[in-house]
Amino acid sequence: MPKGKITNKRFRKPGSAIAYALIILAMVSILFTSIIVYISSHLKYSFNRGYREQSFQVAEAGIHYYRWYLAHATSGMNGGQLDAFWTNSSTLGVSGPFEMEYNDPESGKAVGRFRIELTAPGQGTTIAKIKSTGWTHEFPNSTRSVQARFRRPSWSEYIFLSNSFMNFGDQATVHGKVHSNTGIRFDGIAHNTVSSLVPSFNDPTHGGSSLDFGVHTHKNPADPSAPSYPWSGGTVPNRPDVFLGGREFPVPEVSFTGVTADLSAMKSAAQSGQGVYFDSTGNGRRIILKNDGTFDVCTVDTYHNVNLSITRYLRASGSGTCSSCSGLCLRNYPIPNNGVIFVEDNVWVEGSVNNKRISVVAANLSGAGSPADIYIGFTNLRVANYDCNNKIGLVAQRDITVVKDCPDVFVTDAALLAQTGKVGISQNMSSKNSFTFNGAIASYLQPYFQHGVSGFAVRFYNFDNNLLYCPPPYFPTGNEYAVDLWEEL
């Protein structure tokens, strides 16, 4: 090699530029392909998401359709008719799933289909579960499913329900919903919603000289900065110290009128094998519920009009009377689970049940004689457990009254309904220690368990939450099904 001549051999290797070019091209290709795949996948995701959203809307349309169907098919039905409806093979969903076409409401074009699957209510409940699965015709494999729980509200949903004015003193602590069709003064503590049909009314506790809100309190707040009674017109102050669950007014009426039809349905159920029916022989029946699954019954001959104690009983057969509910005057029957004990006269009820669901009804539907009453308090009225398998319902055509000689510490576990009268204490009751009530009370007139020095000094009112979903058999319900739970599956 000549002196002074420098040669770089690296740049003399053949094909090195091509190799670098191929590497760069490969990297660009990989990057470009990744971008294309990324964009394509997002377009596909967005595309499928749109159709999945359409499938979801079709599934929801199925729920709305069944709600419309129930509103029309079950309008005006009583408890017995509802039971027949849910076992009828012609009821949509009873015989198996069914499908329907869903059309675009604007174009009228068929968009997809939904399939309805029904879980019908079991005995003793009004709850139906509806599963709706929807899909579009363009992407039939892209399905969405939703499920809704339909429930017909029962009269056992309120710890207190009345057609009349209700007044709760400052010692009242109430767990459960409270409603009046007239108005409510509440000076205690309400742990759930307190509601009224009317926006305002004349409160009779202070002479009815001025209008008060449909739900109001006269209790002055502990916080001096909070508004105290009387309030300026039209201003509804926030009172969480009294209404822990809030208050609502005006709200729709809960009408006691329709209960008459439910009484008739209960009578028919008892006479047709869904319970036990007793006629108007004597002056009513004494019914003693027992934990062994049976109940004793005696026909009342005479009773004291003041303290409501029974003085004589008629023999079960033949002539003659007894001084106690025993021997020849007593008969024993099995408690009809998920059934009705219907008496065409007054009823005295006591005792307890174990794994039984029963409604005891006193109603004179023959058209002759006075409306029938129910009397409680000879002994406590209890259930073995607070669950859906243990329920007692008492339905009186007129009053449900605690007798004068009830226990000093009295406990009642039941749903009570007085259609045209009141739920309350005997007028001449002496001072008693305490009353613990677990259940629900519906009273046409104002219910009361303390009046002056009469009645119970201490009163505990506890709502049985199981009554929301498991009311007593044939217990009156609202007129329409409502959705109280919705979820996507």
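Hydrogens, waters and symmetry mates are skipped; everything else that's a heavy atom, side chains included, is used.
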Item to check | Side chains of Leu118 and Trp86 in contact at under 4.5 Å (non-hydrogen atoms) | outcome: yes

Item to check | Side chains of Asn291 and Ser352, donor plus acceptor under 3.5 Å | outcome: yes

Checklist entry - Can you check whether Val411's main-chain N or O pairs, donor with acceptor, with Thr436's side chain at less than 3.5 Å? => result no

Checklist entry - For the side chain of Asn364 and the backbone of Pro371, is there at least one donor-acceptor N/O pair under 3.5 Å apart? => result no

Next on the checklist: Are more than 12 heavy atoms, taken from residues, nucleotides or ligands other than Glu253, located less than 6.0 Å from that residue's CD atom?
Outcome noted: yes

Next on the checklist: Looking at Ser162 and Ser443, would you say the former's side chain and the latter's main chain have a donor-acceptor pair under 3.5 Å?
Outcome noted: yes

Checklist entry - Is there a side-chain hydrogen bond (donor to acceptor under 3.5 Å, both in side chains) between Asn438 and Asn462 once you walk through the steps? => result CA-CA 5 Å; Asn438 305 300; Asn462 305 305; 3.0 Å; yes

Checklist entry - Can Arg285 and Asp279 be counted as an ion pair, charged N to O under 4.0 angstrom? => result yes

Checklist entry - Are His64 and Trp68 close enough that their ring centers fall under 6.0 Å? => result no

Checklist entry - Where is the tightest heavy-atom contact between Ile310 and Arg312, given as atom of each residue plus distance? => result CG2-O, 3.6 Å

Next on the checklist: Within the 4.5 Å heavy-atom criterion, are Lys131 and Pro97 side-chain neighbours or not?
Outcome noted: no

Next on the checklist: For Ser89, is there any backbone N or O sitting under 3.5 Å from a side-chain donor or acceptor partner on Ser95?
Outcome noted: yes

Checklist entry - Heavy atoms, side chains only, cut-off 4.5 Å: are Lys422 and Tyr448 in contact? => result yes

Checklist entry - Looking at side-chain heavy atoms only, is the closest gap between Leu92 and Ile116 below 4.5 Å? => result no

Checklist entry - What are the two closest non-hydrogen atoms of Ala73 and Phe85, and how far apart are they? => result CB-CE1, 3.8 Å

Checklist entry - So, Asn466 and Asp464: side-chain donor and acceptor under 3.5 Å apart, yes or no? => result yes

Checklist entry - So do Thr420 and Phe256 actually touch side chain to side chain, heavy atoms under 4.5 Å? => result no

Next on the checklist: When you measure from the side chain of Trp348 to the backbone of Gly284, do you find a donor-acceptor pair of N or O atoms at a distance under 3.5 Å?
Outcome noted: no

Checklist entry - Do the rings of Phe160 and Tyr461 sit parallel, tilted or perpendicular, given the 30° and 60° boundaries? => result perpendicular

Checklist entry - Is a side-chain donor or acceptor of Thr87 paired with a backbone partner of Ala84 at a separation under 3.5 angstrom? => result yes

Checklist entry - If you round to the nearest 0.5 Å, how far is CD1 of Ile184 from CG of Asp187? => result 12.0 Å

Next on the checklist: Parallel, tilted or perpendicular, judged at 30° and 60°: which one describes the rings of Tyr69 and Tyr65?
Outcome noted: parallel

Next on the checklist: Could you go through Val178 and Phe243, starting from their C-alpha distance and side-chain angles, then the distance that decides it, and tell me whether this counts as side chain to side chain contact (heavy atoms under 4.5 Å, CB included)?
Outcome noted: CA-CA 11 Å; Val178 179; Phe243 304 106; over 6 Å; no

Checklist entry - With under 30° as parallel and over 60° as perpendicular, where do the rings of Phe435 and Phe449 fit, or are they tilted in between? => result tilted

Next on the checklist: Would you say that Lys391 contacts Pro471 through its side chain, given a criterion of any heavy-atom pair below 4.5 Å between the two side chains?
Outcome noted: no

Checklist entry - Where do Val402 and Phe456 land on the side chain to side chain contact (heavy atoms under 4.5 Å, CB included) test, with the steps shown first? => result CA-CA 11 Å; Val402 181; Phe456 300 97; 4.3 Å; yes

Checklist entry - Hey, what do you get for Cys298 versus Cys329: SG atoms under 2.5 Å apart or not? => result no

Next on the checklist: Could you measure the distance from the CD1 atom of Ile425 to the OG atom of Ser454? Nearest 0.5 Å is fine.
Outcome noted: 5.5 Å

Item to check | side-chain contact (heavy atoms from CB on, under 4.5 Å), paired with Phe295, selected from Ile358, Ile341, Val353 | outcome: Ile341

Next on the checklist: Looking at Asp170 and Lys219, is there a salt bridge between them, counting it only when a charged N and a carboxylate O are closer than 4.0 Å?
Outcome noted: no

Next on the checklist: Using a 3.5 Å distance criterion without hydrogens, assess whether the side chain of Asn337 forms a donor-acceptor pair with backbone atoms of Arg357.
Outcome noted: yes

Item to check | Test item: Asn390 side-chain N/O and Val383 main-chain N/O as donor-acceptor pair under 3.5 Å | outcome: no

Item to check | Heavy atoms from other residues, nucleotides or ligands near OH of Tyr444 exceed 12 (cutoff 6.0 Å) | outcome: no

Item to check | Asp203 versus Thr205, closest heavy-atom pair with distance | outcome: OD1-OG1, 2.7 Å

Next on the checklist: Using 0.5 Å steps for rounding, measure from the CG atom of Asn305 to the OG1 atom of Thr302.
Outcome noted: 10.0 Å

Checklist entry - Would Ile400 and Ile441 satisfy side chain to side chain contact (heavy atoms under 4.5 Å, CB included), going step by step from the backbone distance to the final call? => result CA-CA 10 Å; Ile400 297 179; Ile441 294 175; over 6 Å; no

Checklist entry - Just by modelled atom types, is the Asn163 backbone N or O under 3.5 Å from a matching donor or acceptor in the Thr182 side chain? => result yes

Item to check | Flag, side chain of Glu344 to backbone of Leu365, donor-acceptor distance under 3.5 Å | outcome: yes

Next on the checklist: Are the side chains of Ser426 and Val403 in contact, using a 4.5 Å heavy-atom criterion?
Outcome noted: no

Next on the checklist: Using the side-chain contact (heavy atoms from CB on, under 4.5 Å) definition, which of the options Lys267, Gln274, Met266 pairs with Val340?
Outcome noted: Met266

Checklist entry - How long is the span from the CG atom in Leu468 to the CD atom in Glu157, to the nearest 0.5 Å? => result 5.0 Å

Checklist outcome for this item: CG (Asn385) and CG (Asn355) are apart, to the nearest 0.5 Å, by 7.0 Å

Item to check | Matching residue for His216 among Phe168, Phe249, Phe201, Phe186 - test: ring-ring contact (aromatic ring centres under 6.0 Å, His included) | outcome: Phe201

Next on the checklist: Can you give me the closest heavy-atom contact between Ala440 and Ser156, atom names plus distance?
Outcome noted: CB-O, 3.5 Å

Next on the checklist: Using 30° and 60° as the class boundaries, would you call the ring planes of Tyr158 and His179 parallel, tilted or perpendicular?
Outcome noted: tilted

Next on the checklist: Using the rule given for side chain to side chain contact (heavy atoms under 4.5 Å, CB included), can you reason through Ile288 versus Phe378, listing the C-alpha separation, both sets of side-chain angles and the distance that settles it, and then say yes or no?
Outcome noted: CA-CA 10 Å; Ile288 306 170; Phe378 280 2; over 6 Å; no

Item to check | Non-hydrogen atoms of Asp373 and Ala362 that approach each other most closely | outcome: O-CB, 3.6 Å

Item to check | Pairwise distance CG(Leu263) to CG(Leu417) - rounded to 0.5 angstrom | outcome: 7.5 Å

Checklist outcome for this item: Shortest non-hydrogen pair, Ser180 vs Gly183, comes out as OG-N, 3.0 Å

Next on the checklist: Would you say that Arg185 contacts Phe165 through its side chain, given a criterion of any heavy-atom pair below 4.5 Å between the two side chains?
Outcome noted: yes

Next on the checklist: For Glu350, is there an ion pair with Arg286 - N to carboxylate O distance below 4.0 angstrom?
Outcome noted: yes

